[in-house]
Amino acid sequence: MRMSKLFVQTLREYPSDAEVISHKLLVRAGYIRKLANGIYNYLPLMQRVLHKIENIVREEMNNAGAQELLMPFVQPSELWLESGRWEVYGKELMRLKDRHNREMCLGPTHEEVITSVAREGIRSYKQLPINLYQIQTKFRDEIRPRFGLLRGREFIMKDAYSFDSDEAGLDKSYEIMAKAYKKIFERCGLETKMVQSDSGAIGGSVSHEFMVLVNEDSENNAGENDVFYCSECGYSANSNHAVSNLEKAQTDGGFTSAQIKDTPNTATITELADYLKIPPSVICKCLIYVIDGKYVAALIRGDKTVEETKLMNEFQGNEIRIARNDEIEEIMSNSGFNAVAGFIGPKGLKGVEIIADKTVLELKNFVIGINQTDKHLTGANWGVDVELPVKTADIRLVEENDLCCECGAKLKVTKGIEVGNIFKLGTKYSKAMNATFTDKDGQEKPFIMGCYGIGISRTAAASVERHHDENGIIWPKSIAPYLVTVVPVSDQDETQMKVAEDIYNKLLENNVEVLIDDRAERAGVKLKDADLIGIPYRITVGKTIKDNLVEFKTRQTGDVETITPDEAVKRILDLI
RNA sequence: CGGGACGUAGCGCAGCCUGGUAGCGCACUACCUUGGGGUGGUAGGGGUCGCAAGUUCAAAUCUUGUCGUUCCGACCA
């Protein structure tokens with residue numbers, strides 16, 4: 001491709017609305033342009049990168065025995081009503097009506113559609129297992145799109161769905177996908193970590209995410225997930241799912257009797273601990289949440305934090321938030337109390353479900369709110385002064401240096417970009433939508449399903465997050481839009497131009513994806529652009545051509561070698 | 001949705017406080033110059049100052065509303 005004809009415009013400055021480096025660089029280097037909030041045009045260079053990633057995904061999915069199909073982007077509400085998600089998916093589901101006033105939506109994911117495809121097309125266990133996938137645009141009306149392609153509203157995703165006749169089959173399908181994913185990201189030049197995760201709104205039991213780990217210390221804040229991991233045994237999990245053991249802490253408050261004490265101006269745990277001169281770990285914290293419109297009081301040790309996803313899952317909820325002050329007032333007046341946040345306790349609450357984190361079980365002679373402003377109960381014990389909640393669970397957010405549940409070593413934390421995930425869905429959709437097959441024994445059974453996603457456009461952006469320097473993008477060879485760019489330093493110099501054209505044509509003849517910068521620009525502009533756009537190899541034809549020498553530069557290492565044009569061509573041909 | 005900031009040429013910005021001919025750099029067009037890390041120059045083209053209402057002889061500038069963008073929190077590939 002000739003740069004003089006390529007549709008690309010590089011900018012001298014970063015766009016002002018971009019925050020993270022992948023967004024800044026992709027816009028500045030002419031790969032993407034924003035059309036609306038969270039919605040981007042993929043310009044020709046970007047489209048080539050996306051195709052590269054898609055093709056790697058296709059090859060590995062096909063190798064893993066999956067079959068590609070393509071489902072509609074616009075979906076009828078009926079399927080979503082069947083699965084029950086029309087009500088629960090919320091505002092992220094972009095709904096619209098057609099001219100006949102029929103309710104439709106833009107596909108944020110395709111479990112419903114694939115399940116309908118399967119129930120029509122798969123009748124017998126003999127057709128199982130099967131794995132079907134597509135590469136397609138998804139639309140999710142995100143609350144807050146940001147970070148360019150890392151969190152757009154419209155994005156490109158590969159989604160695959162497996163169907164098995166039993167759990168053992170699903171385990172196998174899941175394994176196959178886990179392996180395929182590892183290989184896909186490796187081939188894309190991305191190191192990923194497979195971590196345990198919450199299965200969220202899609203539903204199901206087991207799930208893992210593939211994370212590209214990013215350093216927190218750089219200007220790079222693109223990692224939206226906290227990943228906890230153990231460098232001893234290899235345990236790793238998203239913070240929304242991670243579990244840990246705790247170092248021994250003081251859990252006995254040392255109070256000799258139960259007593260209500262005045263504790264003025266102690267609405268926070270720190271203030272209360274300071275006032276009573278006790279460690280936060282002997283306080284039982286009580287937080288009021290609203291889960292799908294219902295009130296929940298969550299009890300947790302004072303020095304720990306509630307992990308909201310875990311809490312929400314205990315109630316099979318879809319939406320969770322901390323209660324507003326007016327809601328707390330409402331609870332108080334319904335229960336006959338008059339306390340403000342900071343002094344709330346489980347005792348006597350009406351219309352509120354109570355759940356205790358495991359950490360509070362071992363508390364003795366502890367401190368807890370009793371729904372009286374500026375007062376707390378000290379020296380409380382479960383079963384004596386406060387009834388132990390029936391519902392207990394792990395709803396605690398793991399922290400760095402907590403102990404690994406597997407091996408006891410200290411856990412570490414890092415930021416990650418989720419580029420893929422795999423779920424064991426089980427029969428959630430097949431049962432709800434009555435998608436069944438006839439098994440060996442002649443019985444009708446629901447499919448055992450798995451689903452597997454890869455964010456194609458996000459993977460491209462994640463690659464830029466990981467592979468760049470102060471001059472621009474550094475694409476891995478496997479997903480670069482072009483492998484090599486030939487740069488004649490001066491378009492005025494006939495010899496340079498002739499040699500450059502010659503190299504270009506030889507590479508073209510050998511099906512190399514090659515650019516030639518034949519623009520009437522100065523050397524500096526061409527060289528800056530080559531770095532910015534991030535082409536892995538550059539062959540520069542300059543003055544040294546009088547000695548039959550050109551410059552061969554490797555973008556990733558910055559290595560520059562001076563060799564003959566023929567050698568340069570050979571170098572490239574040896575790479576492919 | 002809650003809290004902050006910003007909307008002036010394709011991009012980056014000044015002008016607004018103190019109302020009076022709409023500016024700068026990059027990009028774009030033509031010519032000259034230069035020719036190995038975004039040369040230097042001359043001459044050009046491109047704007048309903050986000051939109052609407054109000055105040056005023058007069059609004060980019062003041063007021064109100066509205067729409068959009070962006071940052072911080074709850075969502076997720």
Side-chain angles (χ1 to χ4, degrees), chain A residues 9-20 23 27-28 30 33-34 36-38 57 89-93 108-110 135-160 181 197-202 207 209-212 221 224-225 238 240 289-291 308-309 312 318-322 324 416-423 451-462 471-472 487-493 496 519-532 538 540-545 550-551 553 560:
Chain A
Q9 181 171 35
T10 58
L11 306 175
R12 202 173 274 226
E13 288 161 285
Y14 287 128
S16 63
D17 59 359
E19 185 72 7
V20 299
H23 186 193
V27 173
R28 189 173 157 202
R33 261 307 167 81
K34 181 165 66 186
N37 193 7
V57 169
Y89 212 101
K91 289 185 183 162
E92 214 173 293
L93 183 64
T109 174
H110 281 70
I135 294 175
Q136 211 219 30
T137 294
K138 303 280 187 237
F139 194 95
R140 295 185 189 172
D141 200 359
E142 293 279 349
I143 299 164
R144 183 145 99 88
R146 63 190 141 168
F147 300 160
L149 297 190
L150 287 172
R151 178 167 299 279
R153 291 196 290 174
E154 186 177 305
F155 58 99
I156 300 170
M157 177 169 159
K158 186 282 304 180
D159 48 322
Y181 272 37
S197 89
D198 173 61
S199 41
I202 295 179
S207 84
E209 293 169 338
F210 286 77
M211 295 283 188
V212 173
N221 54 0
E224 295 191 81
N225 299 273
N238 191 314
N240 64 22
Y289 280 91
V290 182
I291 301 178
E308 297 184 355
T309 304
M312 184 171 76
N318 294 293
E319 254 183 36
I320 183 166
R321 61 180 172 79
I322 199 97
R324 296 186 306 261
I417 300 169
E418 182 189 352
V419 287
N421 68 7
I422 55 180
F423 287 93
C451 76
Y452 316 91
I454 289 180
I456 301 286
S457 42
R458 182 183 278 182
T459 297
N471 295 314
V487 181
V489 165
S490 168
D491 67 319
Q492 311 285 301
D493 186 310
Q496 285 180 24
R519 295 176 299 173
E521 289 287 355
R522 288 174 60 84
V525 174
K526 296 185 189 180
L527 299 177
K528 286 279 187 194
D529 273 350
D531 284 349
L532 181 61
R538 187 180 84 201
T540 314
V541 184
K543 280 180 194 147
T544 55
I545 200 60
V550 298
E551 185 183 286
K553 180 169 177 180
V560 177

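Proteins come first, then strands; the chains are lettered A, B, ... in the order of their sequence lines, and each starts at number 1. Note that the structure is predicted; figures quoted are calculated from it, not measured.
- Looking at heavy-atom distances under 4.0 Å, K91(A) makes no contact with the nucleic acid at all.
- Residue contacts shown for R321(A) are absent, as no nucleic acid heavy atom lies under 4.0 Å away.
- The phosphate of A27(B) (OP1 or OP2) has a side-chain N or O of R12(A) nearer than 4.0 angstrom.
- Under the Watson-Crick and G-U wobble criteria, each requiring two contacts below 3.5 Å, nucleotide G73(B) is paired to C1(B).
- The side chain of R151(A) sits closest to C75(B) out of C75(B), G38(B), G37(B).
- Remark: U21(B) base-pairs with no nucleotide; criterion is Watson-Crick or G-U wobble with both hydrogen-bond distances under 3.5 Å.
- Side-chain contact annotation: N238(A) with E209(A), donor-acceptor N/O pair under 3.5 Å present.
- Note on I322(A): nothing from the nucleic acid sits closer than 4.0 angstrom, heavy atoms only.
- The backbone N or O of L11(A) lies less than 3.5 Å from a partner atom in the side chain of R28(A), making a donor-acceptor pair.
- Note on R146(A): every side-chain N or O is 4.0 Å or more away from OP1 and OP2 of C71(B).
- The phosphate of C72(B) has OP1 or OP2 within less than 4.0 Å of a side-chain N or O from R144(A).
- In this structure, K34(A) reaches the U70(B) phosphate: one of its side-chain N or O atoms is under 4.0 Å from OP1 or OP2.
- With distances taken from any side-chain atom of E418(A) to the nucleotides G37(B), C76(B), G38(B), the minimum falls on C76(B).
- The partner of U34(B), taking Watson-Crick or G-U wobble pairs whose two distances both stay under 3.5 Å, does not exist in any strand shown.
- In a base pair of the Watson-Crick type (N1 to N3 plus N6-O4 or O6-N4) or a G-U wobble (N1-O2 and O6-N3), with each distance short of 3.5 Å, C6(B) is matched with G68(B).
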The test is salt bridge (charged side-chain N to carboxylate O under 4.0 Å, His left out); show your working for E224(A) and R151(A) and say whether it passes. CA-CA 10 Å; E224(A) 295 191 81; R151(A) 178 167 299 279; 3.1 Å; yes
Distances under 3.5 Å between protein N/O atoms and the N/O atoms of nucleotides 9-13 of chain B, please, pair by pair.
{"from": "G12(B)", "atom 1": "OP1", "to": "S16(A)", "atom 2": "N", "distance (Å)": "3.0"}
{"from": "G12(B)", "atom 1": "OP1", "to": "S16(A)", "atom 2": "OG", "distance (Å)": "3.0"}
{"from": "G12(B)", "atom 1": "O2'", "to": "E13(A)", "atom 2": "OE2", "distance (Å)": "3.0"}
{"from": "C13(B)", "atom 1": "OP2", "to": "S16(A)", "atom 2": "OG", "distance (Å)": "3.2"}

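- Comparing G36(B), C75(B), A74(B) against the side chain of E142(A) picks out C75(B) as the nearest.
- At least one side-chain heavy atom of E418(A) sits under 4.5 Å from a side-chain heavy atom of R458(A).
- Summarising the base pairing, C16(B) is matched to no nucleotide, lacking a Watson-Crick or G-U wobble pair whose two defining distances lie under 3.5 Å.
- Distance from the side chain of T540(A) is smallest to G36(B) among G36(B), C76(B), U39(B).
- Looking at D493(A), its side chain has no donor and acceptor atom pair within 3.5 Å of the base of G35(B).
- Taking the C1' atom of each, A60(B) and U18(B) are spaced 15 Å apart, rounded to whole Å.
- When heavy atoms are screened at a 4.0 angstrom cut-off, E92(A) is found touching the sugar-phosphate backbone but no base atom.
- The shortest distance between the side-chain N/O atoms of K528(A) and the OP1/OP2 oxygens of G37(B) is not below 4.0 Å.
- For the OP1/OP2 pair of U39(B) and a distance below 4.0 Å, the side-chain nitrogens and oxygens of R522(A) include at least one atom meeting the criterion.
- Considering only side-chain atoms of N37(A), the nucleotide from G73(B), A77(B), U70(B) that sits closest is U70(B).
- Under 3.5 Å, the side chain of N471(A) and the base of G37(B) form no donor-acceptor pair of N or O atoms.
- Within 3.5 Å, a donor on the side chain of R538(A) pairs with an acceptor on the base of G37(B), or the reverse.
- Nucleic acid contact class of G453(A) (heavy atoms, under 4.0 Å, all strands): none.
- Among the protein residues, V419(A) comes within range of the sugar-phosphate backbone only, with heavy atoms under 4.0 Å from sugar or phosphate atoms but none that close to a base.
- Of the listed nucleotides (U39(B), G36(B), C71(B)), C71(B) has the atom at the smallest distance from the side chain of E19(A).
- Comparing atom distances between the D531(A) side chain and each of A77(B), G37(B), G35(B) picks out G37(B) as nearest.
- Considering only side-chain atoms of R28(A), the nucleotide from C75(B), G36(B), G38(B) that sits closest is G38(B).
- Checked against G36(B), C76(B), G38(B), the side chain of N225(A) finds its nearest nucleotide in C76(B).
- When heavy atoms are screened at a 4.0 angstrom cut-off, D529(A) is found touching base atoms of the nucleic acid.
- Base pairing of G54(B) is made with C62(B), judged by Watson-Crick or G-U wobble geometry with both donor-acceptor distances under 3.5 Å.
- Nucleic acid contact class of G30(A) (heavy atoms, under 4.0 Å, all strands): none.
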